[in-house]
Visitor: 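Have a look at the structure that comes next, please.
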Amino acid sequence: MSQSTATASLRQGPDAKGFFGDFGGRFVAETLMPLILHLQREYEAAQQDPAFAKELAGLSADYVGRQSPLYFAERLTEKLGGAKVYLKREDLMHTGAHKINNALGQVLLARRMGKQRIIAETGAGMHGVATATVAARFGLDCVIYMGSTDIHRQQPNVQRMQLLGAKVVPVTAGDGTLKDAMNEALRDWVTNVDDTFYIIGTVAGPHPYPQLVRDFQSVIGKEVRTQILEKEGRLPDSLVACIGGGSNAMGLFHPFLDDESVEIIGVEAAGEGLDTPRHAASLKGGKPGVLHGNRTFLLQDEEGQIGDAHSISAGLDYPGIGPEHAWLHDIKRAEYVAATDQEALDAFQMLCRLEGIIPALESAHALAEVIKRAPELPKDHLMVVNLSGRGDKDMATVTHHLADELGLNPDAA
Amino acid sequence: MSISATDTDKAATDSRLDRRFAAVRAESRAALVTYITAGDPGYDASLATFLGMAEAGADVIELGMPFTDPMADGLAIQHATQRALKAGQTMDRTLAMVSEFRKQDQDTPIVLMGYYNPIYRRGVARFLEQASDAGVDGLIVVDLPPEHDDELCLPAAQAGISFIRLATPTTNSERLPSVLANTSGFLYYVSSNGVTGGAAPTAEKVEAEVGRIREHTDIPVAVGFGIRTAEQAARIGRFADGVVVGSALIDLQANAETPEQGTHDVHALTRELADALRSARK
């Protein structure tokens, strides 16, 4: 558990130009540059402002429901027969996932900047719901861009956003998933720069977004640190989280980057397998490139054309990854692995049956890695998994895939 | 159309872009800058459109390098990009189009326009060498602001290729010097916030903005975004050094019954625009 003292802290990034090593930056059209420089100044001012911290903390407690529990998964641990598994229960937070932590932080920034209109992209719809929620809470106009494929497979979240007063705009370009929604949100932003704040949902995009989203999500890891010290009297031995863009993972990982004894494991979506073209694992199967304002690992061909990602989980269905993850991969501080659609479905069921918790399909990818890893580890190994969201939104997808196994017939109704 | 710049450009700069803008200025008119997406709707038709563009009256030609995720483009160029990629357009083919063009025309500047990733993936040094060999004069790369000049802008300058920057209504006076710092050839003033193919700006507003930019630079200022008709081009052409038309041409190619008809229609509008600019200041 030795703190890293010989080397510089790994928690200082990004540099002034927004880079984590080779990754990150501000690769955006000129129209947006003055705006993101302004956002950076406002964010720096907010960080120095005790009133901002106070408002965020107050709403996090009373509106979101923080802190989230760190739950010892006793029956899962028993079943796996190895490491002691704790679940960080972000699924219990308001709106059902970690996304609200960031949406709340950014909407407070939007208010500081006097913006009246909020836009966001969403994949699984959890970020869209979180954004629509905070926009409603503060009386701001809200437009959510969502791929048409995702609208189809995450219907309940579309309805939630609409109930909350947001306009959901379907995006049919490309595969109609998260990447295409982000392109469209960027087009909206560049057109409506004067009155619009873009709440990016993950640790990607142009600087300062990867930094500020990470900071707002770091509440997860900070709480885990306090909670595990209370329960076990020491730091965890390993952290596991799923990664699409990587915001829940970065929120868990970041407060532990300098703790060399803590093993850090990110789980990408392997879709139908890394040996097929149908996956979403940008670190395991991609190459460095520039998209959506940052340099990072991307699924792309030799021509630099971006590939369409595939995952059963809409929230992981993105051909890129946050630049700080790309850097942690590069310097080997974190290990990145992948779980297939099937492995995620198996883990999903295991958690339902053993713990009475229905996880999001995204989080089920992290659980799949726990199932592979925990049995090989000693019983005193402390493993913390980020249960980033709940699975209500995934009923249609899961029912479709498990209909035979569960004796369900989705067409019977 | 072939304009010899030697007798009009006493500054004797050696770039095709500088010579062309000087020659056009000497004729007391704005340059017509046209944009088409390379490989749209297919390689042969796109090449035919491209090769006839200067003859039809384009002074500078922007050739779009297709990219899967054109974040700063409206529907017209998004669809053109998809058609081109579907038809098998590659960077090699885009550069081959420029080489073909140079066999018949040594004077008309060619500017490649697009996004950074296809260049980055190819390797900046390799790309610049190939672009230079093909006869490319300038680059417009939408997602490389001055903050990232070391990526491509400065290496391009060393390779003798102009890096043409976009300035927008949000580019305030504080920011303008850094936008202009390493820009050469011309400055592309994006007349409205938004994506390509958007609404046309009012000429008065644009004229004031161009005036503001000219307080900071002597390089030619071309205006684009939302200019679709000869009438609009003429209004902007009264004060701007260049007028950029893209989406209107793309739409003609897209709406034509056959690729040949598309080529014909694009050249017809190009002629109309060129004529309008020649009479705009009279």
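Each chain gets a letter, A, B and so on, in the order the sequences are listed, and its residues count up from 1.
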Visitor: Do B/N117 and A/I306 have side chains that get closer than 4.5 Å, going by heavy atoms?
Guide: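 The answer is yes; the side chains approach within 4.5 Å.
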Visitor: Which one, B/H79, B/M91, B/E174, B/R175, leads in non-hydrogen pairs under 4.5 Å with chain A?
Guide: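 Ranked by contacts with chain A, first place is B/R175.
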Visitor: Is A/P206 close to chain B through its backbone or its side chain, or both, or neither, when contacts mean heavy atoms under 4.5 Å?
Guide: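 Answer is neither: A/P206 stays 4.5 Å or more from chain B.
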Visitor: Between A/T191 and B/N193, is a side-chain contact (heavy atoms from CB on, under 4.5 Å) present by the stated rule, with each step listed?
Guide: CA-CA 5 Å; A/T191 309; B/N193 292 330; 6.0 Å; no
Visitor: So for B/Y116, is it side chain, backbone, both, or neither that comes closer than 4.5 Å to the heavy atoms of chain A?
Guide: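 The side chain, not the backbone.
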Visitor: Within a reach of under 6.0 Å around CG of B/N172, are more than 12 heavy atoms found that belong to other residues, nucleotides or ligands?
Guide: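 Yes - once you tally the heavy atoms of other residues, nucleotides and ligands closer than 6.0 Å, there are more than 12.
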Visitor: Any heavy-atom pair between the side chains of A/V190 and B/V195 that's under 4.5 Å?
Guide: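 Yes, their side chains come closer than 4.5 Å.
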Visitor: If every non-hydrogen atom of B/R121 is compared with every non-hydrogen atom of A/D301, which pair is closest and at what distance?
Guide: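 Closest heavy-atom pair between B/R121 and A/D301: NE-O, 3.4 Å.
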Visitor: Please find the pair of heavy atoms, one from A/R187 and one from B/D73, that lie closest to each other, and give the distance.
Guide: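 Heavy atoms of A/R187 and B/D73 come nearest at NE-O, 2.9 Å.
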Visitor: What are the two closest heavy atoms between A/P34 and B/T170, and how far apart are they?
Guide: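 Distance-wise, the nearest heavy atoms are CG-O, 3.1 Å.
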Visitor: By a 4.5 Å heavy-atom criterion (distance strictly below it), what part of A/L37 contacts chain B: side chain, backbone, both, or neither?
Guide: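 A/L37 touches chain B through side-chain heavy atoms alone.
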Visitor: I need the A/K287 NZ to B/Y120 OH distance, nearest 0.5 Å.
Guide: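 A/K287 atom NZ to B/Y120 atom OH measures 12.0 Å (nearest 0.5 Å).
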Visitor: Using non-hydrogen atoms only, which part of B/L85 is less than 4.5 Å away from chain A: side chain, backbone, both, or neither?
Guide: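 For B/L85, side-chain heavy atoms alone lie under 4.5 Å from chain A.
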Visitor: If every non-hydrogen atom of B/P118 is compared with every non-hydrogen atom of A/Q305, which pair is closest and at what distance?
Guide: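 Heavy atoms only, the tightest pair is CG-NE2, 4.5 Å.
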Visitor: Closer than 4.0 angstrom, basic N to acidic O: yes or no for A/E302 and B/R122?
Guide: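 Salt bridge between A/E302 and B/R122, a charged N being under 4.0 Å from a carboxylate O: no.
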Visitor: Checking an interface table here. Which of residues 140-153 of chain B come within a heavy-atom distance under 4.5 Å of chain A?
Guide: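 So the qualifying residues are B/V142, B/D143, B/L144, B/P145, B/P146, B/E147, B/H148, B/D150, B/E151.
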Visitor: Sub-3.5 Å donor-acceptor pair from the side chain of A/E303 to the main-chain atoms of B/T90, do we have one?
Guide: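 No; judged by distance alone, with no hydrogens or angles, the pair does not exist.
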Visitor: Can you tell which of B/P70, B/A167, B/G74 has the highest number of heavy-atom pairs within less than 4.5 Å of chain A?
Guide: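 Top count of heavy-atom pairs under 4.5 Å with chain A: B/P70.
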Visitor: May I ask you to say whether A/E30 pairs ionically with B/R165, meaning some side-chain N is under 4.0 Å from a carboxylate O?
Guide: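 No, this pair does not count.
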Visitor: Less than 4.5 Å apart, any side-chain heavy atom of B/L166 and any of A/T31?
Guide: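 With C-beta onward as the side chain, the pair stays apart.
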Visitor: Can you say whether B/P169 sits under 4.5 Å from chain A via the side chain, the backbone, both, or neither, judging by heavy atoms?
Guide: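 Neither the backbone nor the side chain of B/P169 comes within 4.5 Å of chain A.
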Visitor: Report the option among A/M182, A/R26, A/E184, A/H292 that has the most heavy-atom pairs separated by less than 4.5 Å from atoms of chain B.
Guide: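 The option with the most such pairs is A/R26.
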Visitor: Any chance you could measure A/D180, atom CG, to B/D69, atom CG, to the nearest 0.5 Å?
Guide: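 If we round to the nearest 0.5 Å, A/D180:CG and B/D69:CG are 7.0 Å apart.
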Visitor: Just wondering, are more than 12 heavy atoms of other shown residues or ligands nearer than 6.0 Å to NE2 in A/H38?
Guide: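 Counting other residues, nucleotides and ligands, NE2 of A/H38 exceeds 12 neighbours.
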